[in-house]
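Throughout, residue positions are numbered sequentially from 1 according to the sequence presented. Reckoned from all heavy atoms, side chains included, excluding hydrogens, waters and symmetry mates.
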Amino acid sequence: MTLQGTIVVGVPRPQSSGVSGYSGCQNVMTEKNFPLPQTFTAWCNSHLRKAGTQIENIEEDFRDGLKLMLLLEVISGERLAKPERGKMRVHKISNVNKALNFIASKGVKLVSIGAEEIVDGNAKMTLGMIWTIILRFAIQDISVEETSAKEGLLLWCQRKTAPYKNVNIQNFHISWKDGLGFCALIHRHRPELIDYGKLRKDDPMTNLNTAFDVAEKYLDIPKMLDAEDIISTLRPDEKAVMTYVSCYYHAFSGKQKAETAANRICKVLAVNQENEQLMEDYEKLASDLLEWIRRTIPWLENRVPENTMQSMQQKLEDFRDYRRLHKPPKVQEKCQLEISFNTLQTKLRLSNRPAFMPSEGKMVSDISNAWGSLEGAEKGYEEWLLNEIRRLERLDHLAEKFRQKAAIHEAWTEGKEEMLQQRDYETASLSEIKALLKKHEAFESDLAAHQDRVEQIAAIAQELNELDYYDSPSVNARCQKICDQWDALGAMTQKRSEALQRTEKLLETIDQLYLEFAKRAAPFNNWMEGAMEDLQDTFIVHTIEEIQGLSTAHEQFKATLPEADKERQAILGIHNEIAKIVQTYHVNMAGTNPYTTINPQEINTKWDKVRQLVPQRDQALIEEHARQQNNERLRRQFANQANVIGPWIQNKMEEIGRISIEMHGTLEDQLNHLRQYEKSIVNYKPKIDQLEGDHQLIQEALIFDNKHTNYTMEHIRVGWEQLLTTIARTINEIENQILTRDAKGISQEQMNEFRASFNHFDRVTFKQNTLLNHKKKKMSEFARIMSIVDPNRMGLVTFQAFIDFMSRETADTDTADQVMASFKVLAGDKNYILADELRRELPPDQAEYCIARMAPYTGPDGVPGALDYMSFSTALYGESDL
């Protein structure tokens with residue numbers, strides 16, 4: 001509530017204008033039973049106790065004006081005019097007027113109230129005056145987000161309690177009845193005082209008393225309200241609640257001001273501490289950097305040369321480490337030092353501090369001068385190093401070149417003497433000798449190419465001696481060793497070349513003989529192996545013609561044996577010539593013939609084997625010829641019988657098919673006729689058995705084909721079994737038709753009609769395609785019929801299934817709907833049935849059967865224990881259809 005201008009207090013008058021939230025003292029106690037004086041008394045005492053006093057009765061204790069003036073001095077912090085100390089009425093009125101004038105001086109226009117009413121103890125006027133003081137000094141100055149007074153206080157409460165569950169502050173009366181609003185304000189600012197999570201909205205007494213006790217004990221806010229009064233009052237007094245809540249605002253806002261002041265001091269101190277730290281960091285960094293420069297410059301000014309290239313290179317490497325590892329961090333430190341100095345000066349200027357003045361010799365300019373000296377020394381040191389390295393490099397170059405060439409030559413000669421002294425050619429074959437010769441020629445070329453390197457090594461050694469190289473003795477010794485070794489290699493190379501050429505000529509002669517032996521021995525050996533394989537081959541023939549062909553080929557083979565023996569003698573002569581050369585010239589043969597693995601012993605062994613196998617083959621061919629003559633006799637014997645039995649079975653199958661379609665007369669006559677026909681077929685069994693015996697003889701003789709007949713025993717067996725099965729099935733169909741006719745009362749005329757209809761579609765089976773074409777107009781009906789007559793989905797319908805379907809369609813049978821209707825009668829026209837009703841109407845065993853299988857009824861009209869007889873009836877007939 002914004003307080004500006006006039007606040008109306010006392011009895012309202014027509015010409016006066018009120019302020020939002022208060023319009024006259026007659027509204028001070030809108031709830032007659034709410035103790036507003038108690039609240040105002042507590043509020044006054046919370047301020048008067050700061051002056052060491054208090055009031056007991058708000059109507060009486062302010063009548064003399066003394067404590068009223070004291071109250072205004074405490075809450076305003078200002079001094080009022082000196083009060084009158086007399087006890088007379090005029091003194092009291094004077095004091096009260098001083099208090100009212102002070103209130104008016106604060107921008108509050110008092111209407112309808114005078115000092116006389118206060119002095120006379122007018123309760124309404126006294127309470128109105130206190131409420132005016134509370135509004136002006138406790139509420140008017142509250143400002144939250146451009147709202148003030150009552151609205152500002154309400155907005156402050158809403159903002160502080162927004163995160164809390166079950167708290168919704170919309171006013172200063174009923175929103176506070178459960179006590180959670182007071183607890184939330186305390187917990188928001190002092191969470192350690194209240195365990196908000198344990199509070200319950202349905203326990204306002206505990207919540208209110210908790211808040212009041214904690215506020216009084218820890219926040220110095222007196223208990224201005226009574227929990228029982230708030231709970232028992234339908235609408236707590238708004239002014240009492242506002243007065244009490246404003247104490248929370250002032251208690252916590254004072255804490256916030258203290259925190260703000262502390263934060264400001266901390267911020268100022270933090271800036272000062274940061275600046276001091278930056279100054280210390282600068283001083284330390286500057287000292288460290290100057291000390292490093294002081295230690296580094298003498299090292300860079302040292303120009304004492306080293307005697308070896310390695311030492312100078314180490315100096316250069318140390319300098320590179322300095323440039324790469326040691327100097328870059330110092331460059332960063334120098335840059336950071338300048339940045340820190342500039343940043344520090346800027347911060348000091350912005351915070352109104354005096355500029356920073358480093359210690360003597362540590363200014364940025366001093367560091368820059370020292371750094372310049374460092375770089376000057378560094379540049380001179382680098383130039384000196386490079387000159388010294390170039391000087392030593394000239395001398396070391398020749399020595400390094402000598403070492404490299406000598407090392408290459410020594411690596412090349414390693415193992416060469418041992419290689420030239422080898423006598424590997426003594427046990428080598430001709431191909432290996434030729435390879436060794438080529439390898440030796442390549443070595444001779446390589447040896448000639450290395451002549452130039454040896455001469456270079458000697459020239460470099462001579463130049464190093466002339467230049468007085470410090471390590472000349474070792475160079476000379478190494479050079480002499482290389483020259484001596486080179487002379488020895490030349491001599492050994494010539495000796496090995498002569499030995500290889502001599503051995504090559506001998507081996508070439510032997511190789512020619514080996515090659516001729518291999519060329520003639522290989523085909524002869526293959527001929528013998530093929531002959532042995534053919535002579536030992538287990539031939540399999542099935543006809544006389546095949547065995548005669550084998551015998552003719554064998555006779556032709558025997559005619560070639562004399563010529564083969566001449567070839568064998570010639571091959572063995574070549575081998576003997578080779579052995580003579582080896583013995584004459586003492587050639588050390590390292591291995592066998594390189595062109596073949598065949599040897600004379602193997603040829604003789606295989607030839608003897610061929611000679612032994614020829615008569616064995618003669619005997620085997622004679623025995624097989626006799627066996628084939630016997631097999632031919634068995635084939636003809638089986639074929640003569642099979643060519644008679646096979647057509648007979650086929651004719652009988654066709655006759656049975658015609659009989660099953662064209663049968664006339666009664667079913668009993670048809671049955672007798674079929675049984676007589678079956679007997680005539682069974683009497684043919686001995687001929688089948690005789691054929692089985694002949695077939696067994698053929699199997700024992702391992703005869704697998706028979707050109708004299710197209711019938712096999714398997715064909716005869718299958719045909720015979722099909723014949724017996726067909727006649728038995730046909731007889732069984734007639735028997736089942738008799739049973740169906742007798743069970744369902746089908747007349748002979750109906751049976752004949754069913755047979756004619758069935759035969760119209762198919763002689764043997766009732767095809768689904770035909771029935772589909774016949775039932776195009778009712779696809780759903782067709783599906784139902786097929787599920788009955790062909791439940792296994794085989795794609796065919798037997799005549800028996802056709803009769804069952806036709807008899808069921810034409811007969812009067814029970815359906816699922818009829819059974820449902822019967823159950824509905826037993827249930828008294830309900831959609832469900834009870835177990836007691838089933839036991840009452842059905843036999844015990846059938847009643848229990850239904851109870852055990854019926855599912856519970858789930859309809860909206862069901863009762864406990866209700867059973868679903870509809871699904872039971874449907875399932876019952878679904879099973880019967882299967």
Side-chain angles (χ1 to χ4, degrees), residues 423-437 499-500 502-541 546-628:
R423 304 180 68 86
D424 49 352
Y425 53 83
E426 293 180 351
T427 58
S429 62
L430 179 60
S431 60
E432 291 172 342
I433 286 295
K434 290 184 178 295
L436 289 173
L437 274 170
L500 289 173
R502 182 175 61 252
T503 305
E504 180 189 21
K505 291 179 180 179
L506 283 174
L507 292 180
E508 280 180 345
T509 302
I510 296 173
D511 186 72
Q512 290 296 326
L513 293 173
Y514 271 148
L515 181 60
E516 185 178 357
F517 178 88
K519 286 181 178 180
R520 299 181 70 173
F524 185 72
N525 182 68
N526 290 337
W527 176 84
M528 289 191 297
E529 288 179 348
M532 288 189 294
E533 183 178 354
D534 293 340
L535 291 170
Q536 296 179 93
D537 184 25
T538 305
F539 50 81
I540 299 176
V541 295
E546 291 177 355
I547 193 61
Q548 289 174 348
L550 290 176
S551 298
T552 301
H554 184 63
E555 291 300 325
Q556 294 173 353
F557 168 74
K558 289 194 292 184
T560 63
L561 291 178
E563 189 67 27
D565 188 41
K566 292 180 181 180
E567 178 66 14
R568 180 181 67 87
Q569 295 294 337
I571 293 171
L572 294 177
I574 296 172
H575 178 75
N576 294 333
E577 186 176 355
I578 294 172
K580 184 178 179 180
I581 294 173
V582 171
Q583 184 177 5
T584 300
Y585 294 99
H586 305 287
V587 177
N588 186 6
M589 299 301 297
T592 57
N593 192 330
Y595 301 109
T596 181
T597 59
I598 302 171
N599 55 60
Q601 294 78 10
E602 184 179 355
I603 291 175
N604 289 330
T605 300
K606 290 181 179 179
W607 177 255
D608 294 339
K609 183 66 174 178
V610 170
R611 302 279 296 182
Q612 293 173 5
L613 291 174
V614 170
Q616 295 177 7
R617 186 71 169 183
D618 291 337
Q619 183 62 32
L621 289 172
I622 293 171
E623 293 174 356
E624 182 62 25
H625 189 272
R627 192 176 72 84
Q628 287 301 325

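- With respect to the salt-bridge test (charged N to carboxylate O, under 4.0 angstrom), the residues Asp608 and Arg611 do not qualify.
- Atom OG1 of Thr596 is separated from atom CD of Glu602 by 8.0 Å, given to the nearest 0.5 angstrom.
- Annotation for Ile433 and Leu500: closest pair CG2-O, 4.0 Å, computed over non-hydrogen atoms.
- Minimum heavy-atom separation, Ile598 to Ala521: CD1-O, 3.7 Å.
- From Glu504, atom CD reaches atom CG of Leu436 across 10.5 Å, with rounding to the nearest 0.5 Å.
- Using a 4.5 Å heavy-atom threshold, the side chains of Lys580 and Glu577 count as separate.
- Smallest separation of non-hydrogen atoms from Trp607 and Met528: N-SD, 3.6 Å.
- Rounded to the nearest 0.5 Å, atoms OG1 (Thr605) and CG (Asn599) are 8.0 Å apart.
- Rounded to the nearest 0.5 Å, atoms OG1 (Thr552) and CD1 (Ile547) are 10.0 Å apart.
- A distance of 12.5 Å separates CD of Gln569 from CD1 of Ile574, quoted to the nearest 0.5 Å.
- Minimum heavy-atom separation, Ala518 to Pro523: O-CD, 4.3 Å.
- Here the side chain of Asp565 pairs no donor or acceptor atom with the backbone of Leu561 at under 3.5 angstrom.
- The backbone N or O of Met532 sits less than 3.5 Å from a side-chain atom of Gln536, completing a donor-acceptor pair.
- A salt bridge links Glu555 with Lys558: at least one charged nitrogen is closer than 4.0 Å to a carboxylate oxygen.
- Residues Tyr514 and Thr592 have side chains not in contact (no heavy-atom distance under 4.5 Å, counting atoms from C-beta outward).
- Shown here for Glu567 and Phe524, the closest heavy-atom pair between the two residues is CG-CD1, 3.9 Å.
- Contact annotation: the side chain of His575 never approaches that of Ile571 to less than 4.5 Å [non-hydrogen atoms, C-beta and beyond].
- Side-chain atoms of Thr560 come within 3.5 Å of backbone N or O of Phe557 as a donor-acceptor pair.
- Using a 4.5 Å heavy-atom cutoff, the side chains of Asp534 and His554 are not in contact.
- Note on Glu623 versus Arg627: no salt bridge recorded, every NZ/NE/NH1/NH2 to OD/OE distance being 4.0 Å or above.
- Neither side chain, Glu508 nor Gln512, offers a donor N or O lying under 3.5 Å from an acceptor on the other.
- Other residues, nucleotides and ligands contribute at most 12 non-hydrogen atoms within 6.0 Å of the CD atom of Gln583.
- Here the closest non-hydrogen pair linking Val610 and Ala531 is CG2-CB, 4.4 Å.
- Remark: Glu546 CD to Gln628 CD distance equals 7.0 Å, nearest 0.5 Å.
- Leu535 places none of its side-chain heavy atoms less than 4.5 Å from the side chain of Lys609.
- Remark: the backbone N or O of Glu533 is not paired with any side-chain donor or acceptor of Asp537 at under 3.5 angstrom.
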